[in-house]
2 protein chains.
Amino acid sequence: MPETDDTPQPPARLRALASWQASKVSTIGARLFAREMKLGARADFAVLAALDECGPLSQADIGRRLGLDRNDVNGILNRLEQGRHVTREPDPADRRRNVVTLTTGGRLHLDELQKHTDAVQDELLAGLSTAERRQLQALLTKVLGSHQPEPA
Amino acid sequence: MPETDDTPQPPARLRALASWQASKVSTIGARLFAREMKLGARADFAVLAALDECGPLSQADIGRRLGLDRNDVNGILNRLEQGRHVTREPDPADRRRNVVTLTTGGRLHLDELQKHTDAVQDELLAGLSTAERRQLQALLTKVLGSHQPEPA
DNA sequence: GCTGCTACGTTGGTCGAGCCAACGTTGGTA
DNA sequence: TACCAACGTTGGCTCGACCAACGTAGCAGC
């Protein structure tokens, strides 16, 4: 990368910290997302992707799949429902639940978001080769696999 | 890992997203931090580490080194100064600046935080071998190296 | 039947992190 | 001198993660 040395390095103690690095990478990703698309689009994308892949789900199931809190899922769904990207109906088989279904409009929205997401992804990993990207993904997957996704 | 299959997987679209993965890893790290130590300790650790490695710095320099906003640095320093971990004096050579200096108490606090931080690190990367951990670190470093650390 | 217990959706709120706007002060420079 | 840039500070905003509590609905057990 073209670098004048006006970029002071973070201390070695932090550079050696995977949690710090992950946090920073996550922040950069969020920044790129924010520049590319609307607010809350990351969460929307996640929920829509889950519905697209698994079919209709209850709100609690969505939360479990994405590692999100029930409350937060609710808020995201309010947005998505208002945008007609999703329908929310009580489950006749279990009236505690809501069946959340992806609409055709939601499907289109998901495709649109996917484009921007891919662009962000590419920009984020610009410094890595294809092989390195896959390595990174595999390692992160392994880390995530060894932890419970859910807080509650 | 001992797993009954009651852990529904996140959709493939997200599993393939490095930004999503990094975000989740970062969240897990934050959770471990929160369980292990006090509130705001992550930020404190970062600032203290910077001062320990680079010697006295101005607030703006701290922000640049850590990729933090000036405002946020200010808040962290208020905490640290109140806890006598840091002193903040006007720079005689440039009276716009504050010279932030690590106290001996701050140094001890840093060592204390380092212990917990190492423990968190170890728990976070429990699923990875030593070689894999170094690989992951190297890849994340490479990603961070290809981006501007600063927003402003 | 009735009594618990659990799960679900919903409301409302906390906290930390990232970010922006504005102000007064100070340095450096045209 | 006048102008602009940098610094520290105050105040505010949004997001994401999290927790507490409520009412409803299902599901056991006695």
Side-chain angles (χ1 to χ4, degrees), chain A residues 6 19-20 22-35 37-47 57-64 66-79 81 86 88-100 148-152, chain B residues 6 19-20 22-35 37-47 57-64 66-79 81 86 88-100 148-152:
Chain A
D6 56 356
S19 57
W20 167 271
S23 166
K24 282 300 168 185
V25 169
S26 168
T27 303
I28 294 175
R31 219 137 58 194
L32 297 177
F33 259 94
R35 288 207 232 289
M37 48 221 282
K38 282 239 158 64
L39 292 169
R42 296 209 311 292
D44 290 6
F45 177 75
V47 170
L57 291 171
S58 78
Q59 304 186 187
D61 282 340
I62 294 176
R64 271 186 287 269
L66 302 179
L68 295 177
D69 209 74
R70 292 203 301 275
N71 316 312
D72 304 321
V73 173
N74 194 353
I76 299 168
L77 287 180
N78 286 339
R79 259 206 319 271
E81 192 180 28
V86 135
R88 193 157 33 166
E89 305 165 332
D91 188 341
D94 184 343
R95 295 210 304 279
R96 292 174 300 178
R97 308 182 176 216
N98 280 344
V99 179
V100 181
Q148 307 274 28
E150 268 196 284
Chain B
D6 55 357
S19 57
W20 168 270
S23 165
K24 281 300 169 187
V25 169
S26 168
T27 301
I28 294 175
R31 219 138 57 194
L32 297 178
F33 260 94
R35 287 206 235 288
M37 47 220 284
K38 284 239 157 62
L39 292 169
R42 295 209 311 293
D44 290 7
F45 177 75
V47 170
L57 291 171
S58 78
Q59 302 187 187
D61 281 339
I62 293 176
R64 271 186 287 268
L66 301 180
L68 295 178
D69 210 75
R70 291 203 300 276
N71 316 313
D72 303 321
V73 173
N74 194 354
I76 299 169
L77 288 180
N78 286 339
R79 259 206 320 270
E81 192 180 27
V86 135
R88 192 156 35 165
E89 306 164 333
D91 188 342
D94 184 344
R95 296 210 304 277
R96 291 174 300 178
R97 305 183 178 214
N98 281 345
V99 180
V100 181
Q148 307 275 28
E150 269 196 285

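If you're wondering where the values come from, they're calculated on a predicted model, not measured in any experiment.
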Please give me the minimum heavy-atom distance between B/Ser26 and A/Ser26, naming the atom from each residue.
CB-CB, 4.3 Å
Using a distance-only criterion (donor-acceptor N/O pair, under 3.5 Å, no hydrogens), is the base of C/dC19 paired with the side chain of B/Asp72?
yes
Across all chains, not counting sequence neighbours, the side chain to side chain contact (heavy atoms under 4.5 Å, CB included) partners of B/Ala43 are B/Ile76, B/Arg79
When the distance from CH2 of A/Trp20 to C1' of C/dA17 is rounded to whole Å, what number comes out?
11 Å
Comparing A/Asn71 and A/Asp94 on DNA chain D - which has the more 5′ nearest nucleotide:
A/Asn71
Tell me the interatomic distance from B/Arg95, atom CZ, to D/dT9, atom P, rounded to whole angstroms.
15 Å
Walking DNA chain C from its 5' end, the first of A/Arg97 and A/Thr27 to be reached, judged by nearest nucleotide, is A/Arg97
Establish, with yes or no, whether the OP1 or OP2 oxygen of D/dC15 is under 4.0 angstrom from a side-chain nitrogen or oxygen of A/Arg31.
no
Tell me if the side-chain of A/Arg96 makes a donor-acceptor pair with the base of D/dG26, cut-off 3.5 Å, by modelled atom types.
no
Checking all strands, does A/Asn74 fall into the base, sugar-phosphate, or nothing category for heavy-atom contacts under 4.0 angstrom?
base
In whole Å, what is the span from the CZ atom of B/Phe45 to the P atom of C/dA17?
14 Å
For A/Gln59, which of A/Arg70, A/Arg64, A/Arg88 qualifies under side chain to side chain donor-acceptor pair (under 3.5 Å)?
A/Arg88
Between CZ of B/Arg70 and P of D/dG11 the distance, given in whole Å, is 17 Å
How many Å lie between CG on B/Asp61 and C1' on D/dG8, as a whole number?
13 Å
Less than 4.0 angstrom between a side-chain N/O of B/Asn98 and OP1 or OP2 of D/dT9, yes or no?
yes
Please tell me if A/Arg79 has a side-chain N or O lying less than 4.0 Å from either OP1 or OP2 of D/dC15.
no
Of all the nucleotides listed (D/dC18, C/dC8, D/dA17), which has the minimum atom distance to the side chain of A/Asp69?
D/dC18
Taken to the nearest whole Å, CG/A/Leu77 to P/C/dT11 is 12 Å
Please report the distance, rounded to the nearest Å, between CD in A/Gln59 and P in C/dG9.
5 Å
B/Leu32 atom CG is separated from D/dC18 atom P, nearest whole Å, by 11 Å
Any side-chain N or O of B/Arg88 less than 4.0 Å from the OP1 or OP2 oxygen of D/dT9?
yes
Please evaluate residues B/Val86 and B/Leu77 with respect to the criterion side-chain contact (heavy atoms from CB on, under 4.5 Å), reporting the C-alpha separation (whole Å), side-chain torsions for both, the decisive distance (0.1 Å), and the verdict.
CA-CA 7 Å; B/Val86 135; B/Leu77 288 180; 4.2 Å; yes
For A/Arg42 and A/Pro92, take the nucleotide of DNA chain D holding the closest heavy atom to each; which residue's nucleotide lies nearer the 5' end?
A/Arg42
Check A/Leu57, A/Asp61, A/Ile62 against A/Val73 for a side chain to side chain contact (heavy atoms under 4.5 Å, CB included) and give me the one that passes.
A/Ile62
